Amino acid sequence: MLFKEYTEALEWIHGTLRMGIKPGLMRMEWMLTKLNHPEKKNKWVHIAGTNGKGSTLTFIRNVLEQSGYSVGTFTSPYIETFNERISMNGIPISDDMIVTLCNQIKPLADELDQTDLGHPSEFEIITVMMFLYFADYTTIDIGLVEVGLGGRLDSTNVIVPLVSVVTTIGMDHMEFLGDTLQSIALEKAGIFKQRVPIVSGVLQPEIRSLYKKRATEFHADIYQLDTDFHVQKEEDNRFTYCTQIDELAGIEVGLLGDHQLNNAAVAIQTLELLKEQRFTITNKHIKQGIGKASWPGRMEKVKDSPIVYLDGAHNLEGIIALVHSSKMFDGRAIKILFTAMKDKEFTAMIGLLKEIENSKVYITTFDYPRALSRDEVERVAKSNNVVPVEYWEGELNSWLNNSEEIILITGSLYFISEIRKYMLHI
């Protein structure tokens, strides 16, 4: 069966979601071998981490684009359209190309399904599509690949990159990665490769020492935030990047929040290593790219009257960063609309949100398989002393028409995606 329409191809891709998450690389290696190893036909940067992957990737992409390079990116989840997961210079793959790629990959997936390995997962299919697109259907100078889950067994972990990056480590996806920081950190370190330099934005001392040891085992140089390179904050969204031998002052950051200074520094250190691989990148390019960077749903202002911000703080570490960033509101009244997947640490996340000065927290749900039920919203709201919202559309419309407070919408990135699409059409 050949797909003729984009919607048919997309339905097939999403239909494989029922296969669940399938850690392991054997299905990937089987498909990539059949396709003559498209993953070996380009240069890559591989980016893992609990939070900050997307922001760090967009900083690197923007600087490389300013430097005149064609940059492929692979990110997840999407905010506006599915196609944006596979993009070149920020332009999502076309609908027609999705159809072409699915027609090439579906027979392989069906053949694989007849083996002991079983049918590939949704994420495996999308990852193979990305490698195939950048190898055979367009030309890139370098690809930036964001890990989907963990690192060691992630579908993307079939590449040997120019640089491996780990942004942060926190307690997330514990059902797959383990229930200690060390076990999670080791899963992320699974992307380390022999003699491939590593950049780490991890701040926990025990994980930094673990990564130093792992790097030695891989005969890989490692560059760690607050050890080998540093952030010297000048003012909000402006910093100096420092190493032991050099510094670059007056870097304006296009994304809001102090945590983005760290992400920008990790990006700059990665770019410095790419310069050693014969990429031509100037300080002017770095400043232009970091300053122009934007990433939908990351402390993004989407409306001025009333003021509305969207922030996909989908786990505890993200909420901590959001609470810190909220200081920029200077005590103004804030309405917070929040939801997260049912497997997240609700009590701790809500407790942190309630610490935001002069704020009132509302909890809701949305149409997604892993979202809270409406009964669960009531229960969580009651036990955490926040306001339940059964249907967010009506509540949000009321706020937009009558509210003078700042509106801050946060939690699941899938929820942020839905909100963003809704707000663009009202």
Side-chain angles (χ1 to χ4, degrees), residues 38-47 52-75 79-81 83-94 97 129-146 156 159-165 167 196-199 201 221 223 229 237-243 245-255 260-261 263-296 298:
E39 81 284 6
K40 295 182 179 179
K41 296 178 182 177
N42 281 300
K43 298 173 181 176
W44 308 103
V45 172
H46 204 188
I47 305 173
K53 296 188 294 293
S55 300
T56 301
L57 179 146
T58 203
F59 286 132
I60 298 170
R61 173 177 73 81
N62 274 269
V63 173
L64 287 169
E65 284 180 25
Q66 291 295 318
S67 306
Y69 293 103
S70 295
V71 188
T73 54
F74 183 59
T75 57
I79 296 295
E80 294 179 29
T81 65
N83 301 37
E84 74 195 46
R85 297 182 71 163
I86 304 170
S87 298
M88 190 176 81
N89 289 354
I91 300 170
I93 187 172
S94 71
M97 185 52 64
M129 287 170 63
M130 176 268 297
F131 286 133
L132 193 57
Y133 175 58
F134 291 141
D136 293 352
Y137 293 97
T138 190
T139 302
I140 59 172
D141 297 307
I142 189 168
L144 311 178
V145 176
E146 183 182 321
T156 63
I159 55 175
V160 179
L162 300 180
V163 186
S164 301
V165 181
T167 54
V196 173
I198 301 155
V199 179
D221 294 330
Y223 302 83
F229 62 99
N237 297 95
R238 184 184 175 98
F239 77 105
T240 298
Y241 169 82
C242 309
T243 66
I245 58 172
D246 203 5
E247 67 177 44
L248 180 59
I251 304 168
E252 301 274 357
V253 180
L255 299 175
Q260 297 294 4
L261 307 186
N263 291 332
V266 168
I268 293 170
Q269 180 59 65
T270 305
L271 291 157
E272 291 295 326
L273 293 172
L274 291 180
K275 285 162 72 171
E276 296 177 11
Q277 302 272 358
R278 299 188 177 179
F279 282 78
T280 303
I281 303 162
T282 67
N283 287 346
K284 181 181 178 182
H285 295 146
I286 288 172
K287 286 190 172 183
Q288 287 175 334
I290 299 293
K292 288 183 177 180
S294 63
W295 193 237
R298 271 67 168 188

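Bear in mind that the values here come from a model prediction, so they are computed numbers and not experimental data.
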* How far does CG of Asn62 sit from CG of Asn89, to the nearest 0.5 angstrom? -> 9.5 Å
* To do: Return the minimal non-hydrogen interatomic distance between Ile159 and Pro161, and the atom names on each side.
  => O-CD, 3.5 Å
* Take the angle between the ring planes of Trp44 and Phe131 and call it parallel below 30°, perpendicular above 60°, tilted in between. => perpendicular
* **Any side-chain heavy-atom pair of Val145 and Met130 under 4.5 Å** => yes
* Structure fact -> Minimal heavy-atom distance between Val196 and Ser164, with the atoms involved, is CG1-OG, 3.7 Å
* Apply the test side chain to side chain donor-acceptor pair (under 3.5 Å) to residues Gln260 and Ser55: give CA-CA distance (whole Å), side-chain angles for both, the deciding distance (0.1 Å), then the verdict. => CA-CA 7 Å; Gln260 297 294 4; Ser55 300; 3.1 Å; yes
* Side-chain donor/acceptor of Tyr69 to backbone N/O of Thr280, under 3.5 Å -> yes
* **Under 3.5 Å donor-acceptor, Lys287 side chain and Thr282 backbone** => no
* **Exercise: identify the closest heavy-atom pair between Gly90 and Ser87** => C-CB, 4.1 Å
* Asked: How about Phe279 and Leu162: do any of their side-chain heavy atoms sit closer than 4.5 Å?
  -> yes
* Quick check: does any side chain N or O of Asp141 sit under 3.5 Å from a backbone N or O of Ser70, one acting as donor and the other as acceptor? -> yes
* Under the 3.5 angstrom rule, does the side chain of Asn42 hit a backbone N or O of Phe134 as a donor-acceptor pair? -> yes
* With side-chain contact (heavy atoms from CB on, under 4.5 Å) as the test, would you mind laying out the steps for Leu132 and Met129 before giving the verdict? => CA-CA 5 Å; Leu132 193 57; Met129 287 170 63; 5.8 Å; no
* To do: Flag the pair Leu274 / Leu64 as yes when at least one side-chain heavy-atom distance between them is below 4.5 Å, and no otherwise.
  => yes
* Under 3.5 Å, is there a donor-acceptor pair between the side chain of Asn83 and the main chain of Ile93? -> yes
* Spell out, as yes or no, whether a donor-acceptor pair under 3.5 Å connects the side chain of Glu84 to the backbone of Ile79. => yes
* Asked: Between Ile60 and Leu271, is any pair of side-chain heavy atoms under 4.5 Å apart?
  -> yes
* So, do Gln66 and Lys292 sit near enough that their side-chain heavy atoms are less than 4.5 Å apart? -> yes
* **Pairs meeting criterion salt bridge (Lys or Arg N to Asp or Glu O under 4.0 Å) with involvement of residues 275-284, two or more places apart** => Glu272-Lys275
* **Flag, side chain of Thr58 to backbone of Gly54, donor-acceptor distance under 3.5 Å** => no
* For the atom pair OH (Tyr241) and CD (Glu247), what is the distance rounded to the nearest 0.5 Å? -> 11.5 Å
* Asked: Going through the distances and angles, do Leu273 and Gln277 end up as a side-chain contact (heavy atoms from CB on, under 4.5 Å)?
  -> CA-CA 7 Å; Leu273 293 172; Gln277 302 272 358; over 6 Å; no
* Asked: Going from OG1 on Thr240 to CD1 on Ile251, what distance comes out if it is rounded to the nearest 0.5 angstrom?
  -> 7.0 Å
* Please examine the side chains of Thr75 and Trp295, heavy atoms only from C-beta on, and report whether any two atoms are closer than 4.5 Å. => yes
* Structure fact -> Heavy-atom nearest pair, Asn237 first then Leu255, reads ND2-O, 2.7 Å
* Structure fact -> Heavy atoms of Glu146 and Thr156 approach each other most closely as O-CG2, 3.9 Å
* Do Phe59 and Ile268 come within less than 4.5 Å of each other through their side chains, counting heavy atoms only? -> no
* Approximate separation, where rounding is to 0.5 Å, of Met88 CE and Glu65 CD -> 9.5 Å
* Structure fact -> What one should report as the nearest heavy-atom pair of Lys41 and Ala135 is CD-CB, 3.8 Å
